[in-house]
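Numbers here are sequence positions counted from 1. Model, not experiment: these values are computed from the prediction.
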Amino acid sequence: MKMGLTRTILSIVLASAAASGVAADWPQWRGPNGNGTSSETGLVATWNPTTLENVVFRIPHVGRSTPAVFDGRVCASGRADGRYETVGCWSAKDGSKLWERRFVVHNTTIPFSRVGWASVSGDPETGYLYHQNGDGQLVAFDRAGKTVWQVRLGEEMGRSSGYGGRTHSPLIDGNSLIVSIVGASWGEQAPLRQRYASLDKRTGKVEWVSTPSAAAVEDFNNQANAIVGVIGGERLIIGGGADGWIYAIRARTGELAWNYRFSPRSLNAPVTIRDGIVYANQGDEPLEGGFMGQVIAIDGSLKGDLTNTGRKWNSDGITAAFAAPLMDGNRMYVTDNSGNLHALDANTGKRLYETNLGTIGRGSPVLADGKIFATEVNGNVHILKPLADKFETLSHVALKMPEGRHVEVWGSAAPAYGRLYLLTENYLYCLGDKKAPFKGPAVGAPSTVMPWPKEVAGPEGPLASVALYPAETSVAPGEKLSFEVRGFDAQGRRVKAPAAAFSLAGLVGAVDANGVFIAQASPALQAGKVVAKAGAFEASARVRVFGALPWSEDFEGGKVPGHWVGAG
């Protein structure tokens with residue numbers, strides 16, 4: 001299927017949804033399509049926080065992220081009482097509180113004003129809500145707010161909290177949950193690098209860990225959330241790294257498809273994909289030229305290092321380090337660091353026109369109902385109509401705290417159910433026509449199925465790679481652990497797994513013909529791999545074994561124990 005046809009089909013689906021009045025969720029921070037756009041219609045063009053004109057409800061809640069709206073709920077992260085990071089859900093219809101969880105902030109150098117940076121991600125299929133805390137605690141909540149599973153990424157994978165608070169939002173892709181990790185793990189993953197991990201969204205078990213970064217990372221302050229797209233039939237996870245590279249990773253296996261060196265410093269702006277082209281922006285000095293900031297278009301269908309071959313165009317001097325680019329047909333919108341919203345020709349990069357939103361641009365703009373919803377850190381919320389030669393301002397609200405200073409707004413608006421949901425420093429707002437009926441479902445009733453990007457339909461290809469699942473885990477001595485061999489074709493699609501022979505590398509224990517591993521009681525602490533070999537293909541899974549306390553180390557070997565996290 002050609003990419004143009006794919007886009008046409010998607011446009012027809014979105015148009016049909018809008019025409020039929022079907023309400024769309026906004027389950028992840030860039031929306032149901034992962035690109036900041038929604039099929040919602042009937043959204044308000046004006047509102048007033050003082051008279052409460054078109055304010056359906058507002059909930060006292062302190063946050064700096066983008067809400068997730070799905071199965072009748074609006075959910076958000078935040079902070080409270082000087083020591084807690086919070087996650088909560090409310091009825092998307094009337095704002096009634098459903099539940100809230102609090103987590104003590106510890107094991108981090110993040111200032112409290114920056115706690116709760118990552119947006120929550122909702123899964124309409126399971127009803128689960130996912131959140132990554134500032135110190136790396138990744139939690140899956142059920143509809144009642146109870147913990148389904150949790151992973152401490154710091155202790156288990158060496159994730160660093162950074163110092164500025166920039167925390168990645170979990171990315172749901174089909175049955176997987178993708179998280180970004182900057183840190184030092186154990187074994188061959190001990191060097192400090194940018195990594196991505198895929199977990200089973202239902203269980204939290206690790207599907208793969210990918211280390212696309214070949215160089216050491218100096219700046220941990222990375223916020224370039226990854227997105228998923230299908231380019232040339234391949235399902236890819238694409239994101240910017242803390243080392244200044246953009247990485248495209250095969251979503252099913254974690255293998256590197258291509259990379260592009262964009263900056264000598266950490267990237268903080270997510271990319272956007274349209275018709276196989278990857279659009280990106282940054283605010284630092286690029287690799288070439290004596291200027292700050294650059295917007296580029298990359299041919300995402302290529303392979304390998306695309307630094308010198310993949311760029312289709314570049315627009316220099318736009319310092320847009322944080323906000324994701326937004327596509328609108330042949331126009332592209334970019335918010336720069338100084339709060340200016342630029343319109344560019346998406347095919348050439350030519351600057352068309354711009355408008356000023358304020359002084360600090362951080363939140364990514366959103367497009368729905370023919371309107372652009374844009375925020376600025378110093379309390380400015382804009383509703384704009386993009387025209388051929390300018391932005392028409394429909395509404396401009398400057399939010400103020402009771403003491404007179406501006407309200408901080410860091411996230412984006414979330415259009416869903418005919419309304420807008422917006423999280424600020426003091427309130428979670430729901431904006432809409434108070435007289436209009438609520439378009440969404442009852443709380444807990446799944447409303448829509450996520451339109452995950454679809455691979456090209458067709459027969460499965462021959463086996464191209466194998467993997468072991470779970471890819472990384474910890475067990476106690478004597479505990480049984482079953483491994484599954486998974487097969488993939490060249491497009492990354494699951495194919496029938498081959499028969500494999502299992503063995504151990506560096507582990508003391510036994511593994512049988514079915515891939516069931518049992519660790520021996522001694523040594524009490526050990527680390528190694530379970531290996532599966534199937535003809536010319538081989539895969540391994542990393543295992544650490546921890547016996548009961550007390551533990552002791554004499555360091556007589558002159559090396560840090562191989563199972564230690566963060567010691568590399």
Side-chain angles (χ1 to χ4, degrees), residues 3-4 6-15 17-18 24-41 43 66-70 119 121-122 124 168-174 178 223-231 235-240 246 248 251 267 269-281 295-298 300-301 320 322-335 341-347 363-375 384 386 411-416 420 448-455:
M3 293 304 297
T6 302
R7 186 180 179 207
T8 300
I9 293 173
L10 176 60
S11 300
I12 293 173
V13 170
L14 293 178
D25 290 333
W26 191 271
Q28 302 193 68
W29 82 278
R30 287 297 280 162
N33 307 303
N35 59 8
T37 67
S38 171
S39 61
E40 282 298 306
T41 59
L43 301 174
T66 300
V69 189
F70 69 115
S119 300
S121 298
H168 283 236
S169 302
L171 171 65
I172 306 169
D173 177 36
I178 313 296
Q223 190 197 338
N225 291 310
I227 64 172
V228 61
V230 176
I231 301 177
R235 191 177 199 83
L236 302 174
I237 303 296
I238 305 178
I246 297 172
L267 295 174
V271 303
T272 296
I273 305 170
R274 189 197 69 164
D275 293 350
I277 306 301
V278 178
Y279 299 88
N281 44 264
V295 183
I296 60 171
I298 303 169
S301 66
F322 297 93
L326 175 66
M327 309 306 297
D328 179 16
N330 289 321
R331 277 201 299 264
M332 174 183 180
Y333 307 117
V334 177
T335 302
L341 180 64
H342 301 262
L344 289 75
D345 186 308
N347 299 314
S364 300
V366 168
L367 176 67
D369 196 24
K371 307 177 184 76
I372 293 177
F373 303 93
T375 63
L384 308 169
S412 304
L420 283 173
T448 59
V449 176
M450 279 292 291
W452 311 113
K454 301 294 192 297
E455 287 93 340

[X] (side chain) donor-acceptor with [Y] (main chain) under 3.5 angstrom:
X	Y	answer
Q223	A269	no
T37	L367	no
S121	P170	yes
R30	P270	no

Measuring from atom [atom1] of [X] to atom [atom2] of [Y], what distance do you get when rounded to the nearest 0.5 angstrom?
X	Y	atom1	atom2	answer
Q28	D173	CD	CG	8.5 Å
M327	N33	CE	CG	14.0 Å
H342	M332	NE2	CE	11.0 Å
T272	N35	OG1	CG	7.0 Å

Candidate pair V69 and D25, rule side chain to side chain contact (heavy atoms under 4.5 Å, CB included), full reasoning: CA-CA 6 Å; V69 189; D25 290 333; 5.7 Å; no
Please report the closest heavy-atom contact between [X] and [Y], naming both atoms and the distance.
X	Y	answer
P124	G122	CD-O, 3.5 Å
W26	P32	CE3-CD, 3.6 Å
P386	D328	CG-OD2, 4.0 Å
L384	L341	CD1-CD2, 3.7 Å
P67	S412	CD-O, 3.9 Å
A24	E40	N-OE2, 2.6 Å

Check whether any side-chain heavy atom of [X] sits under 4.5 Å from a side-chain heavy atom of [Y], and report yes or no.
X	Y	answer
L326	R331	no
V334	N281	yes
V271	I227	yes
I231	I273	yes
I372	V366	no

Under the rule for side chain to side chain donor-acceptor pair (under 3.5 Å), what residues qualify as partners of D345, not counting sequence neighbours? none
What residue pairs, at least two apart or across chains, pass salt bridge (charged side-chain N to carboxylate O under 4.0 Å, His left out) with a residue in residues 363-373?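 Found D369-K371.
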For Y333, all residues meeting ring pair (Phe, Tyr, Trp, His ring centres under 6.0 Å), sequence neighbours excluded: F391
Quick one: side-chain contact (heavy atoms from CB on, under 4.5 Å) partners of [X], sequence neighbours excluded?
X	answer
T375	V409, L422
A224	N222, L267
S169	W29, A118, S119, N225
A368	S38, L43, F373, P415

Given side chain to side chain contact (heavy atoms under 4.5 Å, CB included), test L171 with I237 step by step and report yes or no. CA-CA 9 Å; L171 171 65; I237 303 296; 4.1 Å; yes
